[in-house]
Amino acid sequence: MSDIELAATPPTVTFAERLWPWALPIALLALLLGFATVDARMLGAANLLNIAQQTSYLALFAMAQTVVILTRGFDLSLGPTVSMVSVAAALVLTAAAGAGHGPVAVLLLGLLAGLAMGVAAGVFNGVVIALLGVSPFVATLGSYNVAIGIATTISGGRPVQGVPDLFATLLYRGTVLGVPAAIVIAGAVAVLLHLVLRRTVFGRSLYLVGTNARAALVAGLPVKRILALAYLLCSVLAALGALLMTARTGSGEPNLGGSLSLQAIAAAVVGGTSLAGGRGGVGTAILGALFVTILSNGMNFARIDGYVQMVVLGAIVILGVVLDRARLRAR
Amino acid sequence: MNAPALALRGMPSRAARFDWTLALLPILLVLLVAGMSLVSPQFYGPMNVLNILRNTSFLTIVALGQAMVIIAGGFDLSVGAVVALASVVCAKTMGWAGAVFPGNDAAVVLCGVGAGLGSGLVVGLVNGLCVSRLKVSGFVVTLGTMSATAGVGLMITSGIPVYGMPDGFVKGFGRGQVLGLPIAVYLALALLLVMIFVQRRTLFGRYVYAIGGHAEAAVVSGVSIERHVVGTYVLSGVLAALAGILYTALVGSGQASFGGDRMMLQSIAAAVIGGVSLRGGVGRVESVALAALFLTALGNALNLLQVDARLQPVFLGLVMVAAVAAEELARRRVHRV
Amino acid sequence: EDAALLPMKILDASSGTPRPAEYTPVGKAEKPYNLCVLFPHMKDSFWVAVAYGIVKQAEAANVNMTLYEAGGYENLPKQLSQFDDCLANGSDAIIVGAISGAGLAQKFGEAAAKGVPVVGVTNPIPPGATPAANYVDFEAMGGVTAKGLLAQLPAGEKANVVTFPGPAGSGWAEAFNDGFKKTVAANPDVTILAEKFGDSGVAVQLQLIQDALQSYPDMNVIWGSAPTAEAAIGAVAEAGRSDIRIISSYENQAMLDALNRGDILAFATQYPVGEGAIAIDQAVRLIEKKDVIKVVQPEAAVIDKSTVGSVNMALVLAPADWTPVYSVKAK
Amino acid sequence: MGMERAEIQARPGEAEPLLRLAGITKRFTGVRALDGVDLDVRAGELHVLFGENGAGKSTLINVVSGTFAPDEGSFHLNGEEIRHLTPQRARAIGISPVFQEFSLVPSLSVEENLFLGREVATGGVLRAAEMRRRARALIDELGFDLDPAARVEDLSRAHQQMAEIAKALLSPVKLLILDEPTASLTERETGRLFELIARLKAQGVGIIYVSHRMREIRALADRVTVLRDGRHIKTLDAADVGDGELVELMTGRRIDVLFPEILHKPEGIAVDAENLSTADGTVRGVDFHARAGEITGIAGLVGCGKSELVRAIYGLEPIAGGRVRLHGTPYEHPKPRASLRRGLAYFPANRVTEGLALSRPIRENASIAALDLRRFVRFGVLRPGAERRLVGSIMDTLKLRPAGIERAVGNLSGGNRQKVMLGRALTRDLSVFLFDEPSVGIDVGAKLEVYQFMKRLVEAGAAVIVVSSELPEVLALSNRLYVMHHGRIAAELSGAAKTEGNVLASFFDEEAPGRAA
Ligand SMILES: Nc1ncnc2c1ncn2[C@@H]1O[C@H](COP(=O)(O)OP(=O)(O)OP(=O)(O)O)[C@@H](O)[C@H]1O
Ligand SMILES: Nc1ncnc2c1ncn2[C@@H]1O[C@H](COP(=O)(O)OP(=O)(O)OP(=O)(O)O)[C@@H](O)[C@H]1O
Ligand SMILES: [Mg+2]
Ligand SMILES: [Mg+2]
């Protein structure tokens, strides 16, 4: 037996084969350098920070999607949930500030209101998908519509202005050791989520359920609970991202998340998350978000027309996944 | 000999397994129509019925292709973008052909329609080849081509509506009626009948089911997967393009704003509510058409009931989820008893 | 035909109360500055008209200009990122057609902190948020269309209006609608039967109109966005309701053609080409620290059969054969 | 090896064989599944492929039937060299495979599956009536109880197997390939199949047959080719070789007994069901019990409800009436999770769909049933070290080959997959074990290890329940044996009454207590 095993292992791994796992990061670097030849400011400290900050929002949403994509689903309602959270948080923040509460109370109320909206969306999706057994597409398409309706109704369709400056001071302009709040928070979430996925029963269960839900059930995993929790976690992460975005805009925007659902899925998938479930993680989400952000930042620097950018982005989504396939096959 | 008894357990007869999920949609539709007729007499007014039918036709045409793609185990997010692309390509081509063949409306229309359908065919071909050759999931491929197609549509027009189509195309075809019904309705009906036939009686239909049901089994049985997968995407692209052309004829201008995410989501919703499984291998086009009718009538009802526009999506979303949840629960019940 | 777009008659609203004035440009800039222009999208001839004004004036002033579009009103996050990219790539000034004025307010602050002047164009932004801006008062413009309707309404005839302002949550649709409602409120002959918000695509508007034709049989005025009017022409003709009057709240090529054909009663204009041109000039003045009219308001006007001859169409629409350019290089 | 090749070719005067493969090599990424394999099959001969799990039998069959293109080697049919074989072409030239994993589309009907890829059509339009007629004729001729209109996914695995066999026989056959066709058939259908095989052989059809069941090989084989680790070991005349020698060739070691001697010491009742019925009616009013310290067997015809009985107890089939007790205490509304907590485990028959998450590592698949224990988890946080150690030692005890617990389960052979699943039993304290077809598709060596595993469990005082379609297996393993018929218990046999004859009598007993309904 043992001699066969030896024979079965490929004798030598060529340099090219060693490189495959790094295909996407290398492509990323090439992209960055390529654009830098067009405009050197692309690699300036200011723009690198700019890229990092832009990435942190998209990465948060891509991470949220990843949680449910791991279970073989996805969340179309993520974008509208972001809008709904933004508006709700802004309304509560302005109302609380108007009522003369102290800054801490105002902040807490606003954050709570936003997160509560996220929880509500997550519970809805979770219940409909896990308990009623509706496919994620239909369930989250339903909540997509519901969230749009709620966001425009409670805001009256207009931006909610007068959000206390404190909110932005803390969550947007605030820095920790010179690093902007959004990057710090997204980074912290990434580390935490990574630990959850790799080190907790819940994380492990996500992968197992996504790979073979039936087997997970037979082996005694609480599949419904895991699914419901996945959608809850997704919406809560989306809500967190929405709060950061609201701090970035300084107002509650009823259309803030308009096209984020598909963008976040695309970012996750480009990074190597598999829509067939059970494959991907925090790393793939961040990689994908970084890729998409650098690409559009670079194209902006290179002064490429908006519509051409759409075409390039579309091609890149497919290319990213093809690269990932090749990488898997090479392994 | 206990063979008959064995057969009883091993092979449920068709009649014994009456599929309640098939009956649910018509029931919902009847409830909707009955309820609306009580509340709002305009609902069954001839003009309104005409509206519903016309809008159903557009959605049905797109959803038919979408359904075939999903039954084969794929996903087509690009249909909305194709509707837009076909519209502007068709209009632009007619503008150009109008200069080449002045006065010859038939040639102009033929060029325009051909180019429009051709653009759908090209996008479908790209989708299908990417899915089958690169072995990338349909969701991802069409997510990419959706963005690219929309980009091309906008590049062509810069977003400005394209005019200059022959009058006959707009007045005769787009807004024309035969026996009181818009031409689009006949077209959708004819396509539906053709697709029913394709699904039940042709090799293509059979293979689409087989590939979506279990692709590996189809391969070892000697079915060439690639050709048929490409076929479904091309079909979906061409049908979406046809819808784009119909919109162009109706509105009288080529617009890059037709279709969009909305049409894409609606077409998938119609397929899924119509009983097409996103896992592939299951679904009938006639139910999909019924679901398209249901969705359109529901939207129309919300407008007629004068529900606040901002709240309409809330109702739409809840009804959609409730309908599919009810289907799912009915299915479970059937399985138990 | 290539006559200069400016000077142009405007309202100077810097002091809070609009006063008639004439806007005269500085002419050539001292240096070929880099101007960054952000648009919500370029999907209709309205924004193409603004772009035309921008390009023509950038050429006239001999400055470098790059235009980015966000792809639609649902893409505020993208516009925020584009703003960041403009700041990072060292633009001398930024001209913004804001997706949401409130949502970009903090970005304006950041630009100010970096000493990069910002000019708001076409879409409203919070008062004082940027060193200069030019846009019509949307409510006033809605009001103008109402006046246009009242002027054409035969004495004693009742007008039953259904409004189709545009997408709920866009801000501008709501503002137009409010202006219209406020102005007609005083007139007992005008009744507003309903307000139908909906996406601004022609197909969506068509469905809304068809439904409204059923649910409001006594509707005889359709007031709405340009795509609404476009859709309404066919729908009304098909329903055989030649008694229905159609008014558009803004301008595009289709509206002009329809007016000439007699398909619509009137449309309003805010001279978008002029707005674009003024924005460039304001930016140059700000960079060169010259006197600038801080708040320019183009004087909105209603164009109907009787006035169409006397309006300077060069300020309303881009020439039909002009295709949008996304960047201008100084000579 | 070279010697054997010489031996085969050194038979002058013999007619060219029906099929001649020489030097077939097939590589998958990192694995050499076939390494220079030779095989010849004569017309009218039944040629058995024999080998451990993962030896390359299915791969060879896939090469013969055109699913995989070989990397090297030559392929002759009737002396004619064949290149670039596709599944379609293979069927056209008379090569008909019956696949181990089936080639059926679950959502299509039996009839649609029979004709899949070979539909009768004119200009792309199907001729349904013609196909229906031919399907019926074929099924009647084969004597299967199969409704051509039934959907395959509604059928039991046994009926699916019949459909798969029928599919292979639809068009004229020269070479029939059967990959473990009896794995899910019971005696009766197996008998039918053997009759059929005899008929085909008489007609001069060559047959390649894969099985892990020694009895069948004895009964059917003309010649046997032994494969090991993708290599051709030997081709022998079946008449000249004993079981022991075959197994030794196959495994490279001696295996004397197949069924271990098990010491049953029946104690208290560990699990019992009273008047139990499932919601789908497959189990009707069953009274059943199993004691600690003994193996309780359940046998029965296809679709008799034997699987459903244990699945209902574990919580996978909805219960309509009756009750289940565990160690004397009532157990209401069973659910898998609750069952495990109470010490009751179930090992499903279908390892791919219900057993394993194929793309996940062995470690995760083995510990999946114990993720609620402090042993692996503290406050929801995994303890990777503890997990690695325990799973590693369990897999060592089970002799998982090759060793190493970080590889994806999907890369393992059937027997080793089964071991991963069984390993779950050792990750937590359990007292009742429900095995559904524990030896389906695993080789002789692995079977023995599975039986020894059961033996250890029973002798440690656990209650073991074995549901199996392989009669020798349940007869040899169980202390007490239930025979099920139409969802009811037809007989309970123990001691001297536990004979093949009695079981078969109960299978077909028209007067069995359940017939009143
Ligand atoms: N598609 C594939 N990709 C990669 N490896 C494969 C593939 N198919 C088979 N293998 C590997 O090739 C080897 C031979 O597998 P094969 O299925 O032919 O064995 P077998 O003799 O049929 O075993 P069993 O008795 O379990 O059916 C195994 O190591 C298996 O893991
Ligand atoms: N008529 C049927 N309708 C629905 N499902 C069925 C039907 N017949 C069988 N099944 C399903 O097939 C699976 C296996 O059933 P099967 O007929 O093999 O029963 P069994 O008693 O376990 O027999 P065996 O153990 O010999 O396979 C079960 O999960 C069962 O639900
Ligand atoms: Mg095998
Ligand atoms: Mg069974």
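The chains referred to below are lettered A, B, ... by the order of the sequence lines, with proteins before strands, and numbering in each begins at 1.
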Evaluate the side-chain contact (heavy atoms from CB on, under 4.5 Å) criterion for residues Met310(A) and Val152(B): first the C-alpha distance (whole Å), next the side-chain angles of each, then the deciding distance (0.1 Å), finally the verdict. CA-CA 8 Å; Met310(A) 288 172 79; Val152(B) 172; over 6 Å; no
Quick one: are [X] and [Y] in side-chain contact, heavy atoms under 4.5 Å?
{"X": "Val322(A)", "Y": "Val136(B)", "answer": "yes"}
{"X": "Leu132(A)", "Y": "Glu328(B)", "answer": "no"}
{"X": "Met155(B)", "Y": "Asp305(A)", "answer": "no"}

Ranked by heavy-atom pairs below 4.5 Å to chain A, first place among Leu77(B), Leu311(B), Thr149(B), Asp261(B) goes to Leu311(B)
Inter-residue atom distance [X].[atom1] - [Y].[atom2], 0.5 Å rounding:
{"X": "Ser137(B)", "Y": "Leu275(A)", "atom1": "OG", "atom2": "CG", "value": "5.0 Å"}
{"X": "Thr152(A)", "Y": "Asp308(B)", "atom1": "OG1", "atom2": "CG", "value": "8.0 Å"}
{"X": "Ile268(B)", "Y": "Leu141(A)", "atom1": "CD1", "atom2": "CG", "value": "8.5 Å"}
{"X": "Leu316(B)", "Y": "Ile148(A)", "atom1": "CG", "atom2": "CD1", "value": "10.0 Å"}
{"X": "Ser135(A)", "Y": "Glu327(B)", "atom1": "OG", "atom2": "CD", "value": "10.0 Å"}
{"X": "Ile318(A)", "Y": "Thr145(B)", "atom1": "CD1", "atom2": "OG1", "value": "5.5 Å"}

Using non-hydrogen atoms only, which part of [X] is less than 4.5 Å away from chain B: side chain, backbone, both, or neither?
{"X": "Ala139(A)", "answer": "backbone"}
{"X": "Leu76(A)", "answer": "side chain"}
{"X": "Val138(A)", "answer": "both"}
{"X": "Leu131(A)", "answer": "backbone"}
{"X": "Val308(A)", "answer": "both"}

Contact summary for Leu313(A) and Ser147(B), nearest pair of heavy atoms: CB-OG, 4.3 Å
Gly142(A) and Val321(B) have their tightest heavy-atom pair at CA-CG2, 3.7 Å
So, the part of Leu278(B) with a heavy atom under 4.5 Å from chain A: the answer is side chain
What part of Val140(B) gets closer than 4.5 Å to chain A, counting heavy atoms only: side chain, backbone, both or neither? both
Decide side-chain contact (heavy atoms from CB on, under 4.5 Å) for Ile265(A) and Phe139(B); before the verdict, give the C-alpha distance in whole Å, the side-chain angles of both, and the deciding distance to 0.1 Å. CA-CA 10 Å; Ile265(A) 295 177; Phe139(B) 191 94; 3.6 Å; yes
Kindly determine whether Phe137(A) and Leu265(B) satisfy side-chain contact (heavy atoms from CB on, under 4.5 Å), including the steps that lead there. CA-CA 9 Å; Phe137(A) 184 90; Leu265(B) 290 175; 4.1 Å; yes
Only pairs of heavy atoms separated by less than 4.5 Å count here; which of Asn145(A), Leu319(A), Val321(A), Val128(A) has the most with chain B? Asn145(A)
May I have the step-by-step check of side-chain contact (heavy atoms from CB on, under 4.5 Å) for Met264(B) and Leu262(A), ending in yes or no? CA-CA 12 Å; Met264(B) 178 266 285; Leu262(A) 287 180; 4.0 Å; yes
